[in-house]
Every structure is written in C-alpha cells, then in structure tokens.
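Per chain, numbering begins at 1; letters A, B, ... match sequence-line order.
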Protein chains: 2
Amino acid sequence: MNDIKRLPDSELEIMMIVWDAKEKVTSDFIMEKLSKSWARTTVLNFLARLCDRGFLSCTKKGRHNIYSAQVKKEDYLKRESRSFLQKLYHGSLTGLVASLYDGKIVSKEELEELKRFIEEAE
Amino acid sequence: MNDIKRLPDSELEIMMIVWDAKEKVTSDFIMEKLSKSWARTTVLNFLARLCDRGFLSCTKKGRHNIYSAQVKKEDYLKRESRSFLQKLYHGSLTGLVASLYDGKIVSKEELEELKRFIEEAE
DNA sequence: AGTTGTATTCTACAACTGTAAAATAAGGAG
DNA sequence: CTCCTTATTTTACAGTTGTAGAATACAACT
C-alpha cells in the first residue's frame, strides 16, 4: 500500500497545485491556477486518476467535487529527489549542484544562499 | 532538431552505462554492466530505440554492433536537473537540498563536501 | 414536475513504455 | 559451399499517459 510511485508530468502539475494550496480544493481552483490550457474534462480526468492512485481523496459538495491531498508533499519530494539523485548522479549531491552551477542553471547568489543553509544546518 | 527529450527509465539506465564507459560499447558490455536481468532482445530493443532518438549511433563490426553516445552526458544531466528543480521545487536549489537533508537522504558529511565545493566555486 | 445548464464520469484512442518471442541474417565450422 | 550459431531486427502486446468528446447526473429555474 505504501508504495508511492512517480506521477506522470501532467498529474504532478496538478498535484503541486493542490499541495501548494494547503487546503481542500475544487476543480475550478485548479483550472484557474493552471498555466496549461487543458480542457475541463482533461483536468477532471487527471484528478480522477490521482484519486485512483491514492494521491487525492474526493468528496462531493452539491454538484461539485472537493479534493484533498492524501500523500504528503515532503514525502513525495523526498522520494523523487532521492531517486533522481541516484539515477542521474549515482547519489552524489555535489555532482548535482556542480552540474547546475556549471550549466548556469543556478547563480552564484543561489549558491551563497545554499551555503548559508548548510552553515545553519548544524 | 535540438530538442533532447527526457528518456524513459530503462533507456536512461542503459544510456548511463554508455556514458560512463567513456568510449564505444557493445551490447555484451552493456549486458555485463546491467544490474537488471533483462533478456538480450530487450536490451537490444532499448539500444535501437536510443538510436532512433538520436542518443546513440550504431555501426556494425562483423556480426556485432558498436554503439556510441551522440548526446553529451553533461547536456542531458543539465536539462533534466533544471526541469526537475523547476517542476518539484519551483526552481529553488536550497529547497531541494533542504528536502534531501531533512529527509536524511544526504548526510552531514555530504553537506560539508558540498560546502567546500561552493567555497571553491568563486 | 419538466427543462436546462453545466460539473462529473465514461469511453475512446493514439503515442509511448516495458518486455520479449519470432524471424532474419551473417560469421564460422565442416 | 552448406549448415549451425547466435547477434540483430521485427513484430507483438499489454499497460500507461495525454487528451478530450459523449454520456450522465443533478442543481436550479419556470
């Protein structure tokens, strides 16, 4: 039961909106927040699939559905980050950061911020 | 032409072996290095798909094929890391590292190593 | 209560993935 | 040169994902 699997991109995008909302949401809320221009039925279908996977629960409120997260964001991010790090960098965090920095994905300022985080974390 | 897309997990696993070999490889080499116990035809199929995608090139040497990487590992890792960071952490590197540290995926030692990397990177 | 509008659920379908058996092709043994 | 081995290529097929039209259901209005 406990096996949280990786979500497909589209469902992840929706799940992120739910998580970041910090409370129960409606499909209208999701539609508003989405950058994509998916058809309503498309979004509803993704929501349904997320329920099937156990990532969301769904209760009816009048003619609308109310969705709420059943998997904790931290847990999901943790799992995905671990497997990402493992698959692409053989588990080397420094390797990942080096790649991001050398590839100019993160700036010197972001590295500074990261350094402060590390210094505080001890 | 330049659009490198994300590889499916299985193909990525094979691609990592090719990249890490630092030279042209045969399917036998791949088979040896693999942790999975895929059938030979399965591996060959993945190799063929990687050729179709333009990640590998394939030349014949007698009855064997020789494969070599056509996409640079750094480029692929850079792209994937950026999109991963964006999708899961809204682009926040510190967020990612915090999640890994709080989730006990990386140790204090690894953070120290990372700090040294940051200090040298300036 | 019957009709209408629209949110939700079903159904559909093509493309992509994981996996490998069947078919083919070509080097090497006799 | 012919046959056997075995690496490679084809074909197959079920499950997943992206995407949305059709069908349904139900609140609201007359």
Side-chain angles (χ1 to χ4, degrees), chain A residues 3-18 21 24-68 71 76 79-80 83-84 87-88, chain B residues 3-18 21 24-68 71 76 79-80 83-84 87-88:
Chain A
D3 69 325
I4 305 179
K5 292 229 66 175
R6 182 165 30 150
L7 293 176
D9 280 358
S10 312
E11 286 170 51
L12 173 59
E13 211 170 319
I14 286 178
M15 205 56 210
M16 286 296 283
I17 293 175
V18 179
K24 294 164 191 287
V25 299
T26 63
S27 65
D28 282 332
F29 179 82
I30 305 271
M31 292 290 284
E32 274 170 35
K33 293 285 179 182
L34 273 176
S35 40
K36 302 294 182 58
S37 61
W38 279 320
R40 182 179 199 70
T41 49
T42 299
V43 174
L44 284 164
N45 192 12
F46 289 147
L47 285 166
R49 286 180 184 172
L50 283 165
C51 291
D52 289 347
R53 289 184 212 277
F55 273 74
L56 290 178
S57 72
C58 168
T59 55
K60 293 188 172 300
K61 182 94 173 178
R63 82 218 99 143
H64 294 259
N65 284 356
I66 309 283
Y67 301 91
S68 70
V71 170
Y76 184 78
R79 275 164 194 273
E80 285 314 299
S83 90
F84 179 85
K87 279 186 300 192
L88 276 80
Chain B
D3 70 325
I4 305 179
K5 293 229 65 176
R6 184 167 28 151
L7 293 176
D9 280 359
S10 312
E11 286 169 51
L12 173 60
E13 210 169 319
I14 286 177
M15 204 58 210
M16 286 296 284
I17 293 176
V18 178
K24 296 164 189 287
V25 299
T26 63
S27 65
D28 282 333
F29 179 82
I30 306 271
M31 292 289 284
E32 273 171 34
K33 293 284 179 181
L34 273 175
S35 40
K36 304 292 182 59
S37 60
W38 280 320
R40 182 180 199 73
T41 51
T42 299
V43 174
L44 284 164
N45 193 11
F46 289 146
L47 284 167
R49 286 179 185 174
L50 283 165
C51 291
D52 289 346
R53 289 185 211 276
F55 273 73
L56 290 178
S57 72
C58 168
T59 53
K60 294 188 170 302
K61 182 93 176 179
R63 82 219 100 147
H64 293 260
N65 284 357
I66 309 285
Y67 301 91
S68 70
V71 169
Y76 184 77
R79 276 164 194 274
E80 285 313 300
S83 90
F84 179 85
K87 279 186 300 192
L88 276 80

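Checked against side chain to side chain donor-acceptor pair (under 3.5 Å), B/Ser83 has no partners two or more places apart in sequence or in another chain.
Here D/dT17 presents its C1' atom at 7 Å from CZ of A/Phe46, a figure rounded to the nearest Å. Taking atom CG of B/Asp9 as the reference point, atom C1' of D/dG15 lies 15 Å away to the nearest angstrom. Atoms CG (B/Leu50) and C1' (D/dT8) sit 16 Å apart, rounded to a whole Å. Taking atom CG of residue A/Leu12 and atom P of nucleotide D/dG18, one finds them 10 Å apart after rounding to whole Å. Rounded to whole angstrom, the span from the CD atom of B/Glu11 across to the P atom of C/dC16 amounts to 11 Å. We find that CE of A/Met31 is positioned 13 Å from P of D/dT19, with the value rounded to whole Å. What separates CZ of B/Arg53 from P of C/dC16 is a distance of 8 Å, to the nearest Å. In this structure, B/Lys5 atom NZ and C/dA15 atom P are separated by 14 Å, rounded to whole Å.
In this model, the phosphate group of C/dA20 is not approached by any side-chain N or O of B/Trp38 to a distance below 4.0 Å at OP1 or OP2. Look at A/Ser10 and you won't find any side-chain N or O under 4.0 angstrom from OP1 or OP2 of D/dT17.
In this structure, A/Met31 CE and A/Thr42 OG1 are separated by 8.5 Å, a value rounded to the nearest 0.5 Å. The CZ atom of A/Phe46 sits 11.5 Å away from atom CG of A/Leu7, with the distance rounded to the nearest 0.5 Å. With rounding to the nearest 0.5 Å, the separation of CE in B/Met16 from CD in B/Glu11 is 14.5 Å.
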Polar atoms only, N or O, under 3.5 Å: list the protein pairs with nucleotides 8-14 of chain C and their distances.
from: C/dT8; atom 1: OP1; to: A/Asn65; atom 2: N; distance (Å): 2.3
from: C/dT8; atom 1: OP2; to: A/Ser27; atom 2: OG; distance (Å): 2.7
from: C/dT8; atom 1: O3'; to: A/Lys60; atom 2: NZ; distance (Å): 3.3
from: C/dT8; atom 1: O3'; to: A/Asn65; atom 2: ND2; distance (Å): 3.4
from: C/dT9; atom 1: OP1; to: A/Lys60; atom 2: NZ; distance (Å): 3.0
from: C/dT9; atom 1: OP2; to: A/Asn65; atom 2: ND2; distance (Å): 3.0

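Residue contacts for B/Thr42: at a heavy-atom cut-off of 4.0 Å it reaches a base atom on one of the strands shown.
Under the 4.5 Å side-chain criterion, counting only non-hydrogen atoms from C-beta, A/Arg6 is in contact with A/Tyr76. Residues B/Val25 and B/Ile17 form no side-chain contact, since every pair of their non-hydrogen atoms from C-beta on lies 4.5 Å or further apart.
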How far apart are the C-alpha atoms of A/Phe55 and A/Ile4, what are their side-chain angles, what is the distance that settles it, and do they pass the side-chain contact (heavy atoms from CB on, under 4.5 Å) test?
CA-CA 9 Å; A/Phe55 273 74; A/Ile4 305 179; 3.4 Å; yes

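Across every strand in view, C/dG5 sits in a pair with D/dC26 that passes the Watson-Crick or G-U test at under 3.5 angstrom.
Between A/Ala39 and A/Gly62, it is A/Ala39 whose nearest contact on DNA chain D lies nearer the 5' terminus.
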